[in-house]
Amino acid sequence: MGIHGLSKVIADNAPAALKEVPIKACFGRKVAVDASMSIYQFLIAVRQQDGMQLTNEAGETTSHLMGMLYRTIRMFENGIKPVYVFDGKPPDMKSNELKKRGVKREGAEKAAAAAEETGDTENFDKFSRRTVKVTKEHNDDCKKLLKLMGVPYIEAPCEAEAQCAILAKSGKVYAAGSEDMDTLTFGTPVLMRHLTFSEARKMPVVEIELAKVLEGLEMTMDQFIDMCILLGCDYCDSIKGIGPTRAVSLIKEHKNIETILEKLDSKKYPAPEDWPYQAARELFRAPNVTKAEELDVKWEAPDEEGVVAYLVGEKGFNEDRVRSAIQKLIKTRTGTTQGRLGDYFKPVEKPAGSTSAAKRKMDAKAASGSAKKKGGSFMKKK
DNA sequence: ACTCTGACTCAAGACGTT
DNA sequence: CTAATTGAGTCAGAGT
DNA sequence: AACGTCC
């Protein structure tokens, strides 16, 4: 669920933090993208008339490869260099939430099966989209494709959004490219929204700058995190009767959840029983991520024959289409060699209070010269 | 009058040709 | 048994 | 821009 209503809170209280950016101005940007989320969207959206996903002759789904291939190339054509971040194990705190979602999906699965039986394509289409899950195979397919395309990816130990935030914080990338607002709660200095369908549709890219969010809300990062917990996050319940308006004013007045619990009338607004807000807070402050210094993020030359062998040979793609797509990739790649605009970006000033990782900050500049680090390729780490 | 809940809805990609 | 979106929007109804 | 198609 991300953070419930956070985008509206920001729009209302810190409008200066939102900036519409023409896609052209994004040229040269490196961006961290949540791969599992992208795959999920492709599996839902890339379908044919009857509501079935695209498949090869063996019946293996190809919708996600389709989407990943063309979207990635489109980004490159705009000078945007993505690094994909794959989810690891969800934190234990999320299991309650996930269980609830599982129950919902069972209902949708039954409904989809029933609709398929009776040939009700309309309802089959509707319900089958709610039964989509991203499997290990989907993830592995995409990793294989990305590797062949020369596009880096990272396997996060836990939440991809948290890993994206760390990459942006460290300066390895300019921003996290996501629709998920809790990337901000994880501390990304810049969040780029509507990045994916900005060119295809007429929607502009929207950049959200964390420092300006805090400025507009008049909060420290720690206060912001507590506010996000009050708004409602994936890790624990929130206090009934406290919505966006009261959450903002309570944090402004009392500064943290402990004080709010002291001062708040617990008859009117009882806190959830055994409320693990402190553990949730800790997940946001110090999420389980791989340190940016340990990650080598490099864009390499695509292996055209490898991509053709995989997509055409194994997955039944049209060879002409694939080759011309790869040609686009090669062309834009040689054109942009070292993205320029991104290098002028200065990391946003670090908000007060955060516990870990205070030292790096200057490595955005420092990293440009040196490129050694561990093992040859970009993946690794788990 | 304002605020919040909860139940509900919807939409979700990209290419190439026309 | 290896998967568990999300955001945005509307509405009525109730609590403050 | 709309549309059929991609696999």
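Heavy-atom basis, side chains included; hydrogens, waters and symmetry copies ignored. In what follows, every chain begins at residue 1, and chains take the letters A, B, ... in the order their sequences are listed.
- Of the candidate nucleotides B:dC4, D:dC7, B:dG13, B:dG13 has the atom nearest to the side chain of A:Val46.
- Checking C:dA4, B:dG6, C:dG7 against the side-chain heavy atoms of A:Tyr40 singles out C:dA4 as nearest.
- Protein atom CG of A:Asp180 is 10 Å distant from nucleotide atom P of C:dA8, rounded to whole Å.
- Summarising the geometry, the separation between CZ on A:Arg47 and C1' on B:dA14 is reported as 16 Å, rounded to the nearest angstrom.
- For the P atoms, the distance from D:dC7 to B:dT17 is 13 Å, rounded to whole Å.
- Residue A:Arg74 has its side chain nearest to B:dC15 when only C:dA8, C:dT16, B:dC15 are considered.
- For the pair A:Thr196 and B:dG13, the criterion of a side-chain N or O lying under 4.0 Å from OP1 or OP2 is not met.
- Using a cut-off of 4.0 Å between Lys/Arg side-chain N and Asp/Glu carboxylate O, A:Lys89 and A:Glu159 are scored as not salt-bridged.
- With distances taken from any side-chain atom of A:Lys133 to the nucleotides B:dG16, C:dA3, B:dG13, the minimum falls on C:dA3.
- Side-chain N/O atoms of A:Thr245 include one lying less than 4.0 angstrom from OP1 or OP2 on B:dC4.
- Between A:Lys89 atom NZ and C:dC1 atom C1' the separation is 13 Å, expressed in whole Å.
- Atom-to-atom, CD1 of A:Ile3 to P of C:dA8 comes out at 12 Å; the value is rounded to the nearest Å.
- Across all strands shown, A:Thr61 has no heavy atoms under 4.0 Å from either base or sugar-phosphate atoms.
- A:Leu54 pairs in a side chain to side chain contact (heavy atoms under 4.5 Å, CB included) with only one of the listed residues (A:Arg47, A:Met66, A:Glu60), which is A:Met66.
- Taking the six-membered ring where tryptophan is involved, the planes of A:His64 and A:His138 are perpendicular, since the angle between them exceeds 60° and thus also 30°.
- Contact annotation for A:Gln48: base contact, defined as any heavy-atom pair under 4.0 Å involving a base atom.
- By the 30° and 60° cut-offs, the orientation of the rings of A:Phe284 relative to A:Phe186 is tilted.
- Side chain of A:Tyr70, nearest nucleotide from C:dT16, B:dC15, B:dG13: B:dC15.
- Within the nucleic acid shown, A:Gln41 has no heavy atom closer than 4.0 Å to any nucleic acid atom.
- Between A:Arg71 and the phosphate of B:dG13, there is no side-chain N or O to OP1/OP2 separation shorter than 4.0 Å.
- When distances run from any side-chain atom of A:Val134 to the nucleotides C:dA4, D:dC7, B:dG16, the shortest one goes to C:dA4.
- Following rounding to the nearest Å, A:Arg129 (CZ) and B:dG13 (C1') show an atom-to-atom distance of 10 Å.
- Per the geometry, CE belonging to A:Met52 stands 15 Å off C1' belonging to D:dC6, to the nearest Å.
- Judged by the 6.0 Å and 45° rule, A:Lys328 forms no cation-pi pair with A:Phe76.
- Nucleic acid contact class of A:Lys8 (heavy atoms, under 4.0 Å, all strands): none.
- Using a 4.0 Å cut-off, no side-chain N or O of A:Arg246 falls inside it from OP1 or OP2 of B:dT5.
- As judged by a 4.0 angstrom heavy-atom cut-off over every strand, A:Pro90 is placed among residues making no nucleic acid contact.
- Position along DNA chain B of the nearest nucleotide to A:Lys240 versus A:Ala45 favours A:Lys240 as the more 5'-ward residue.
- In the set C:dT16, D:dC7, C:dG7, the nucleotide with an atom closest to the side chain of A:Lys268 is C:dT16.
- Under a cut-off of 6.0 angstrom, the local environment of NZ in A:Lys263 is sparse, with at most 12 non-hydrogen atoms contributed by other residues, nucleotides or ligands.
- Atom-to-atom, CD of A:Glu319 to P of D:dC7 comes out at 12 Å; the value is rounded to the nearest Å.
- Atom CG of A:Asp92 has 12 or fewer neighbouring heavy atoms from other residues, nucleotides or ligands inside a 6.0 Å radius.
- Distance, A:Asp237 CG to B:dT5 P: 12 Å, rounded to whole Å.
- Within the 4.0 angstrom heavy-atom criterion, only backbone atoms of the sugar-phosphate kind lie near A:Gly316; the bases stay farther away.
- At the heavy-atom level, A:Ile242 lies under 4.0 Å from the strands shown only through sugar-phosphate atoms.
- Counting only heavy atoms from C-beta on, A:Arg193 has its side chain closest to C:dG7 among B:dA12, D:dC7, C:dG7.
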